[in-house]
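Here, residue 1 is the first one in the sequence, and each next residue gets the next number.
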Amino acid sequence: VETAILMGRTMILPATIRHQTELAEAVASSEAADVEAGEMREHLEQYSELVAKLRATINDLERSCDVSFDEHHRQAKHLRDKTLPALQDMREVVDELEQCTPMDLWPIPTYREMLVIH
């Protein structure tokens, strides 16, 4: 779980912010040139929502891990009921971002790359 948080904060989030910035710059330059940028702006807004969701899910996952238990049974229940769902929520957002972030910015192997045997 700590690895997922670390990867989210130090690899995936920075890459998605770079792409979000590129989209915002493309929208701004298109609008400055008096070019219709409605679709591009809509894509930027949708992507920005995903990046915000990623931040939120990383924070939720981190909070779910920020507890300690004296009893192993209580800890296991917490992991099952809180941490695992938070990890799944983060994974869903990351999977969605993987589909719409350019490959040259995506910092880790995609599912497609991992499944292809060379």
Side-chain angles (χ1 to χ4, degrees):
V1 174
E2 290 174 7
T3 301
I5 294 168
L6 184 63
M7 287 176 66
R9 285 214 187 281
T10 64
M11 298 173 77
I12 298 168
L13 188 58
T16 59
I17 290 171
R18 274 194 299 276
H19 183 53
Q20 181 178 332
T21 301
E22 289 175 359
L23 289 171
E25 289 170 352
V27 169
S29 63
S30 294
E31 289 175 345
D34 204 26
V35 174
E36 171 58 39
E39 275 188 48
M40 222 183 323
R41 177 172 288 286
E42 186 177 315
H43 179 64
L44 170 61
E45 289 170 2
Q46 291 169 349
Y47 193 83
S48 296
E49 287 176 18
L50 283 174
V51 173
K53 277 186 189 178
L54 176 61
R55 278 192 180 104
T57 59
I58 291 170
N59 290 337
D60 291 346
L61 183 57
E62 201 165 41
R63 277 192 297 276
S64 81
C65 294
D66 201 18
V67 291
S68 61
F69 296 92
D70 297 332
E71 186 182 317
H72 293 298
H73 180 71
R74 286 184 59 213
Q75 182 178 12
K77 285 179 70 173
H78 177 80
L79 289 170
R80 180 195 67 200
D81 297 340
K82 303 291 183 190
T83 304
L84 192 57
L87 184 60
Q88 182 61 34
D89 290 345
M90 182 180 155
R91 179 184 172 171
E92 288 172 10
V93 175
V94 169
D95 287 350
E96 201 169 343
L97 283 163
E98 179 185 303
Q99 297 299 312
C100 56
T101 302
M103 289 181 71
D104 64 320
L105 292 178
W106 195 251
I108 56 177
T110 64
Y111 285 122
R112 174 187 273 172
E113 291 170 333
M114 288 188 286
L115 293 175
V116 173
I117 300 172
H118 294 266

**Study point:** Any Gln88 side-chain heavy atom under 4.5 Å of Glu92 side chain
**Key:** yes
Review point. Got a second to check how far Asp66's CG is from Leu61's CG, nearest 0.5 Å?
Key: 11.0 Å
Exercise for review: With sequence neighbours left out, write down each residue that passes salt bridge (charged side-chain N to carboxylate O under 4.0 Å, His left out) with Arg74, or none if nothing qualifies.
Suggested key: none
Review point. Sequence neighbours excluded, which residues qualify as salt bridge (charged side-chain N to carboxylate O under 4.0 Å, His left out) partners of Asp89?
Key: none
Review point. Where is the tightest heavy-atom contact between Cys65 and Val1, given as atom of each residue plus distance?
Key: SG-CG1, 3.1 Å
Review point. In Å and rounded to the nearest 0.5 Å, what is the CD to CE distance from Glu113 to Met103?
Key: 4.5 Å
Point to revise | Residues that His43 engages under ring pair (Phe, Tyr, Trp, His ring centres under 6.0 Å), provided they are two or more places apart | key: none
Exercise for review: Write out all pairs satisfying salt bridge (charged side-chain N to carboxylate O under 4.0 Å, His left out) with one or both partners inside residues 4-14, taking only residues at least two apart or from two chains.
Suggested key: Arg9-Glu62
**Study point:** Enclosure of Asp34 CG (heavy-atom neighbours >12, cutoff 6.0 Å)
**Key:** no
Which pairs of donor and acceptor atoms, one on a side chain in residues 12-22, lie under 3.5 Å apart (sequence neighbours left out)?
{"unit_1": "Thr16", "atom_1": "OG1", "unit_2": "Ile12", "atom_2": "O", "d": "3.2"}
{"unit_1": "Thr16", "atom_1": "OG1", "unit_2": "Leu13", "atom_2": "O", "d": "2.9"}
{"unit_1": "Gln20", "atom_1": "NE2", "unit_2": "Ser48", "atom_2": "OG", "d": "3.4"}
{"unit_1": "Thr21", "atom_1": "OG1", "unit_2": "Ile17", "atom_2": "O", "d": "2.9"}

Point to revise | Between CE on residue Met90 and CG on residue Asp95, distance to nearest 0.5 Å | key: 10.5 Å
Study note, to complete from the structure: Correct closest heavy-atom pair for Gln75 and Phe69 would be CA-CD1, 3.6 Å
Review point. What do the steps show when you test Met40 against Leu44 for side chain to side chain contact (heavy atoms under 4.5 Å, CB included), and what is the final call?
Key: CA-CA 6 Å; Met40 222 183 323; Leu44 170 61; over 6 Å; no
Check your understanding: Of all residues at least two apart in sequence or in a different chain, which pass the salt bridge (charged side-chain N to carboxylate O under 4.0 Å, His left out) check with Glu31?
Key -> Arg41
Review point. Among all residues two or more places apart in sequence or in another chain, which pass the side chain to side chain donor-acceptor pair (under 3.5 Å) test with Thr57?
Key: none
Study note, to complete from the structure: Grouping ILVMFWY residues whenever side-chain heavy atoms fall under 4.5 Å, the cluster of Val35 otherwise contains none
Check your understanding: What residues, two or more places apart in sequence or in another chain, satisfy side chain to side chain donor-acceptor pair (under 3.5 Å) together with Glu45?
Key -> none
Point to revise | Under the salt bridge (charged side-chain N to carboxylate O under 4.0 Å, His left out) test, residues paired with Arg63 that sit two or more places apart | key: Asp60
Point to revise | Pairs where residues 97-106 contributes a residue and the test side-chain hydrogen bond (donor to acceptor under 3.5 Å, both in side chains) is met, not counting sequence neighbours | key: Tyr47-Thr101
Revision key, fill the gap. On a heavy-atom basis, the closest approach of Ile58 and Ile5 is CG2-CG2, 4.3 Å
Check your understanding: Roughly how far, to the nearest 0.5 Å, is CZ of Arg55 from CG of Asn59?
Key -> 9.0 Å
Point to revise | From Met11 atom CE to Ile108 atom CD1, the distance as rounded to the nearest 0.5 Å | key: 6.0 Å
Review point. When Ile, Leu, Val, Met, Phe, Trp and Tyr are grouped by side-chain heavy atoms lying under 4.5 Å apart, directly or through other members, which residues fall in the same group as Leu79?
Key: none
